[in-house]
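Since the structure comes first, as structure tokens, the remarks are kept for the end.
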Amino acid sequence: MQRREITRWLAASLLPLCGIGSAVAQTAAPYPSKNIRFVVPYPPGGPTDLMARMLAPELQKRLGASVIVDNKGGAGGNLGSAEVARQAPADGHTLLLAASGPMAVNPSLYRSMPFDPLKDLAPVVQLSAFPLVLEVHPSLGVRTLKEFIALAKAGKVPLSYASAGNGTPQHLAGELFNTTVQTQIKHIPYRGAGPALNDLLGGQVNVMFDILGSSLPYLQTGKLVPLAVTSPQRSPALPQVPTMAEAGVSGYEISAWHGIAVRAGTPQPVVDKLNATINAIFQEPDFRAKWEAIGSPVVGGTAARFGALIRSDAERLGKLVRDAGVTVD
């Protein structure tokens, strides 16, 4: 074989190996390698947005990349969630603040979903476990759940409850209350908890089943009146407020949780790094205190544990939606 032919043969033989080396180099690229986009599937002002903005600077400090919060509200959290699930690169540079509404409730509520939470998204870590609180505008003149139920059943005062949108925990909590107590309080959906809460404070609506974290300052200052919490135990943030069962409504329990998810197919080492980073953040005493002050215990844990919660609540809350006859307005 001539020298020139040997050279061509060696070049052709080594070319595939160069490709393999390039692929290995790309796989081993450090994470993160660019800015991180943190998608919140609700407008600014609600508890989901608050959690993202609390976490973003901590993630930025530990990961060494800018973390930019991006609010993409609409369709009960479906729009922003679907964008991450279907459009974002599966590389961990787009995070979703995953909420129980779009992740576990909406698949049973909407006839057509733009994504499949169980197939299109990969769980990273659970962040929160919020009770909801039944709260009313002071102008209603009620101070107990018993008084509120009597007012609702009398039908003399038109009552309407605000929610963060169709399929959100606030919506489901209100429909469950109507079914359990046999009331007909009208549902008014908003594009997020922030706008809903603003109208409640302004008296445009008079009732809300809100996630405790976002309403806590107004409950503590008397701008809103808490009647009961929807968790099995009283909340440490509002120890004087009874549970639904204590206030006379048995068999009523619902909560809202949040976590972080990424697009399915994201490399496992990236998921593991994100999980470890957030769990480390949750071990900081100062951060834990700030987190608990918004009304949720620090959760954390493994990605597998968060995935199990999503699957179990999709089944449990899906059955609740069907049994209560809840539909999208």
Side-chain angles (χ1 to χ4, degrees), residues 42-43 45-47 73-77 101 105-106 109-110 131-212 214-230 238 241-254 256 320-329:
Y42 299 102
V105 177
N106 290 1
L109 188 71
Y110 285 77
L132 280 74
V133 57
L134 169 54
E135 59 198 20
V136 298
H137 193 271
S139 62
L140 278 185
V142 298
R143 291 294 181 269
T144 67
L145 183 60
K146 183 178 179 180
E147 291 174 350
F148 174 71
I149 292 174
L151 180 68
K153 289 190 172 183
K156 295 180 180 179
V157 177
L159 297 178
S160 56
Y161 76 92
S163 82
N166 292 310
T168 59
Q170 294 95 332
H171 175 203
L172 193 57
E175 292 300 321
L176 181 61
F177 186 84
N178 277 336
T179 301
T180 304
V181 185
Q182 297 298 300
T183 51
Q184 295 183 343
I185 307 171
K186 184 180 179 181
H187 175 221
I188 308 294
Y190 288 79
R191 289 177 60 87
L197 186 56
N198 286 337
D199 270 12
L200 177 65
L201 290 165
Q204 284 80 15
V205 289
N206 39 36
V207 183
M208 191 170 178
F209 295 79
D210 196 20
I211 294 172
L212 181 56
S214 57
S215 290
L216 191 57
Y218 308 108
L219 297 168
Q220 292 171 332
T221 57
K223 293 183 178 180
L224 296 174
V225 179
L227 302 181
V229 294
T230 65
L238 287 176
V241 179
T243 66
M244 284 282 188
E246 289 174 334
V249 179
S250 60
Y252 184 104
E253 179 186 331
I254 191 168
L320 181 62
V321 167
R322 294 188 294 273
D323 290 349
V326 180
T327 58
V328 174
D329 291 347

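Computed from a predicted structure; not experimentally measured. As a basis for the values below, the full set of heavy atoms in this structure was taken, side chains included, without hydrogen atoms, waters or symmetry mates.
- The two atoms that bring Leu238 and Leu212 nearest to each other are CD1-CD1, 3.4 Å, heavy atoms only.
- For Thr180, the side chain to side chain contact (heavy atoms under 4.5 Å, CB included) partners at least two apart in sequence or on another chain are Leu176, Val249, Tyr252.
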Report all side-chain donor-acceptor pairs from residues 141-149 shorter than 3.5 Å, counting only partners two or more places apart or in another chain.
{"from": "Thr144", "atom 1": "OG1", "to": "Glu147", "atom 2": "N", "distance (Å)": "3.1"}
{"from": "Glu147", "atom 1": "OE1", "to": "Arg143", "atom 2": "N", "distance (Å)": "2.7"}
{"from": "Glu147", "atom 1": "OE1", "to": "Thr144", "atom 2": "N", "distance (Å)": "3.4"}

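- Here the CD-OG1 distance, from Glu253 to Thr230, works out to 8.0 Å after rounding to the nearest 0.5 Å.
- Ile254 CD1 to Leu172 CG: the interatomic distance, rounded to the nearest 0.5 Å, is 4.0 Å.
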What donor-acceptor contacts under 3.5 angstrom involve side-chain atoms of residues 192-208, with partners at least two apart or in another chain?
{"from": "Asn198", "atom 1": "ND2", "to": "Gly194", "atom 2": "O", "distance (Å)": "3.4"}
{"from": "Asp199", "atom 1": "OD2", "to": "Tyr190", "atom 2": "OH", "distance (Å)": "2.7"}
{"from": "Asn206", "atom 1": "OD1", "to": "Ser160", "atom 2": "N", "distance (Å)": "3.0"}
{"from": "Asn206", "atom 1": "ND2", "to": "Pro158", "atom 2": "O", "distance (Å)": "3.2"}

Tabulate below the donor-acceptor pairs under 3.5 Å that side-chain atoms of residues 215-223 make, not counting sequence neighbours, or state none.
{"from": "Ser215", "atom 1": "OG", "to": "Glu135", "atom 2": "OE1", "distance (Å)": "3.1"}
{"from": "Ser215", "atom 1": "OG", "to": "Glu135", "atom 2": "OE2", "distance (Å)": "2.7"}
{"from": "Ser215", "atom 1": "OG", "to": "Asp210", "atom 2": "OD2", "distance (Å)": "2.5"}
{"from": "Thr221", "atom 1": "OG1", "to": "Pro217", "atom 2": "O", "distance (Å)": "3.0"}
{"from": "Thr221", "atom 1": "OG1", "to": "Tyr218", "atom 2": "O", "distance (Å)": "3.4"}

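- Side-chain contact between Glu175 and Tyr161 is present, with at least one heavy-atom pair separated by less than 4.5 Å.
- Among residues two or more places apart in sequence or in another chain, the side chain to side chain contact (heavy atoms under 4.5 Å, CB included) test is passed with Pro43 by Arg191.
- Here CG of Leu151 is found 10.0 Å from NZ of Lys156. Values are rounded to the nearest 0.5 Å.
- Under the 4.5 Å side-chain criterion, counting only non-hydrogen atoms from C-beta, His171 is not in contact with Pro189.
- Taking Thr179 as the reference, nothing meets the side-chain hydrogen bond (donor to acceptor under 3.5 Å, both in side chains) condition, with sequence neighbours excluded.
- In this structure, the side chain of Asn106 does not engage the main chain of Gly77 through any donor-acceptor pair within 3.5 Å.
- Of all heavy-atom pairs between Pro169 and Leu132, the closest is O-CD2, 3.6 Å.
- Separating the CG atom in Asn178 from the OG1 atom in Thr183 is a distance of 4.0 Å, to the nearest 0.5 Å.
- Across every non-hydrogen atom of Gly76 and Tyr110, the tightest pair is N-OH, 3.8 Å.
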